Amino acid sequence: MDWGREAQHRLQDIATLSAPGAGVTRFPFTQEHADARDKISQWMNAAGLKTRLDAACTLIGRREGPPGSPTFLIGSHQDSVLGGGAYDGIMGVALGCLALEKLAADGITLPFAVEVLAFADEEGVRFPTALIGPRALAGTLDDRVLDMCDQDGVTLAGALNSAGGDAAAIAKIARSRSDILGYLEAHIEQGPLLESEDLPLGIVTGICGIERNTVTFTGATGHAGTVPMNLRQDALVAAAHLIAEVDRLAATDPNIRATVGRIENHPNVVNGIPREVTVTVEIRGTDDAIRQRFAGELKSFCAEISCNRRIDVSFERTYEQTAVSCDEGFRKLLAGACEAEGIAPRELPSGATHDASAMADLCPIAMLFTRCRGGISHSPEEFATDADMGQTVTVMARFLQDLAAHIADQPEPAQAAR
Ligand code: HGY
Ligand code: MN
Ligand code: MN
């Protein structure tokens, strides 16, 4: 089987299961999401996996191991951003199924059970939260998020239940650490480094931490022609100063990525002074202390604006994920698998967050990046080649075999990592 070509075929096929418009739009708990689940079930069945849906709407494909043996997890997310690409998230699910299909085709059995997980909501675009699936498995889900609403006022719990999940049972699906050996996620790099070094794959060292803040400036509206400039409490001008400061301050620290992604302006009319403006400020960094200090500096800057411009400013953190490291042992096994496949092992950090960020609370994690054209992602232009995906499949399969051999060499029976 040409695993890369099969991956491409499956991904181009499932990409059609999208809301109308350019690129792929597959929000969680929608009709296109349910249709995609049916396709993924076929992939899992082709790999000989038994499928089920858990209370968080994670589609799980499982191959049993010897009685009493622990489980190794593979996965990624099946949802997308608005107008996204055909690879972000869903590629990790497809390649996980193909790696297990390859092992079965090669007649290789493992001394542990394996599962492929298709998580429902990693992007956090429909609801102001994310990672419901992996957090439920890790037992870290804050159930207050179930009351959060999308822009149509639908609660997360309501959407989850309507899609076959069970919000009331979500706390019961947490896995015990003693059962889980680890988690591997294959994902497009979403950056330009692998392409710049002409490498098909990379091994992730760690995943950045992330926080999202909602900042609201409240001033006073007035007639654009009659209120003198020095008497204005213009909320949009105040927000503009913050936006410029976010850009200036982030440029001084290579560890930080900061983005003002959304803005709302009221009354938003050509001849009215803006009364209230809300912006989102997202801050990312591989060092949590540096990220939190950066947020503090922005908060102080907002306090100054408030005082100088007689504007009320609220700065509220709405979401946080801490930075996580990938397991050293898994990184070594991935490096060995890459070398065995003739690929120079290249380690790199992840500036994007992933389901693995939350799985790190349950078990040791590993991530493999696949080169993507131009480093483009969250766009219809996202692309990965058959060859690179094929090499990702073979490295994943070899990693599982090497993990099995590694476990066999240990004095203890296969135990959970923590
Ligand atoms: O935002 C991220 O890093 C991920 O793509 N959800
Ligand atoms: Mn992703
Ligand atoms: Mn994404």
Side-chain angles (χ1 to χ4, degrees), residues 11 14-15 18 23-28 33 36 40 58 74-96 116-135 145 183-194 202 204 206-213 250 255-262 280-286 288 291 318-324 326 348-360 365-372 374-384 389 392:
L11 290 170
I14 204 167
S18 158
V24 178
T25 300
R26 192 164 54 239
F27 287 170
H33 196 256
I40 298 166
T58 299
I74 302 170
S76 195
H77 58 98
Q78 66 154 98
D79 65 311
S80 78
V81 293
L82 179 70
Y87 303 84
D88 178 3
I90 192 66
M91 185 194 80
V93 176
L95 301 193
V116 176
L117 308 170
F119 292 116
D121 183 3
E122 186 276 339
E123 296 293 358
V125 175
R126 179 177 174 188
F127 296 94
T129 184
L131 303 178
I132 300 132
R135 285 190 162 159
V145 302
Y183 171 78
L184 169 64
E185 181 166 354
H187 200 288
I188 49 168
E189 179 199 346
Q190 299 178 299
L193 188 141
L194 293 175
V204 177
I207 305 170
C208 71
I210 182 173
E211 67 176 76
R212 289 178 178 149
N213 301 282
N255 189 288
I256 290 287
R257 304 275 188 284
T259 312
V260 176
R262 288 179 61 175
T280 58
V281 179
E282 184 193 85
I283 308 167
R284 299 182 186 221
T286 48
D288 290 330
R291 169 175 56 81
T318 55
Y319 184 73
E320 183 177 25
Q321 256 172 252
T322 56
V324 296
C326 293
L348 69 166
S350 176
T353 59
H354 302 282
D355 293 295
S357 307
M359 291 300 282
I365 61 166
M367 280 200 78
L368 253 187
F369 273 171
T370 304
R371 165 171 49 187
C372 60
I376 296 168
S377 182
H378 285 191
S379 153
E381 307 306 312
E382 203 176 82
F383 181 75
M389 290 195 284
T392 309

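Read the numbers this way: they start at 1 and go in the same order the structure lists the ligands and their atoms. These numbers were taken from a predicted model, which means no experiment stands behind them.
- With the Mn ion (ligand 2) at the apex, H187 NE2 and H77 NE2 define an angle of roughly 110° (rounded to 10 degrees).
- None of the N, O or S atoms belonging to H354 lies under 2.8 Å away from the Mn ion (ligand 2).
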Does the side-chain contact (heavy atoms from CB on, under 4.5 Å) test come out yes or no for R291 and E320, once each step is laid out? CA-CA 11 Å; R291 169 175 56 81; E320 183 177 25; 3.0 Å; yes
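- Atom numbering of ligand 1 starts at 1 in the shown order; those under 4.0 Å from a heavy atom of H378 are 5 (O).
- Residues S76 and E185 have side chains that bring a donor and an acceptor to within less than 3.5 angstrom of each other.
- Residue H354 does not touch ligand 1, judged by heavy-atom distances below 4.0 Å.
- Checking side-chain atoms of T58 against main-chain N and O of L117 turns up no donor-acceptor pair under 3.5 Å.
- Considering all non-hydrogen atoms of both residues, S377 and I188 come closest at OG-CD1, 3.8 Å.
- The N, O or S atom of D88 lying closest to the Mn ion (ligand 3) is OD2.
- When R257, R284, E122 are checked for heavy-atom proximity to atom 2 (C) of ligand 1, R284 turns out nearest.
- The shortest N or O to N or O distance between D88 and ligand 1 is not under 3.5 Å.
- For ligand 1, the atoms lying closer than 4.0 Å to a non-hydrogen atom of A352 are 3 (O).
- The CG atom of L184 lies 6.0 Å from the CD1 atom of I74; values are rounded to the nearest 0.5 Å.
- Using the six-membered ring where Trp is involved, Y87 and F383 have ring planes that are perpendicular, over 60° apart on the 30 and 60° scheme.
- Between H77 and H187, the two ring planes are tilted [angle within 30° to 60°].
- Only the side chain of R212 comes within contact range of ligand 1, with a heavy atom under 4.0 Å; no backbone atom does.
- Note: angle at the Mn ion (ligand 3), from NE2 of H378 to OE2 of E123, is 110° (rounded to 10 degrees).
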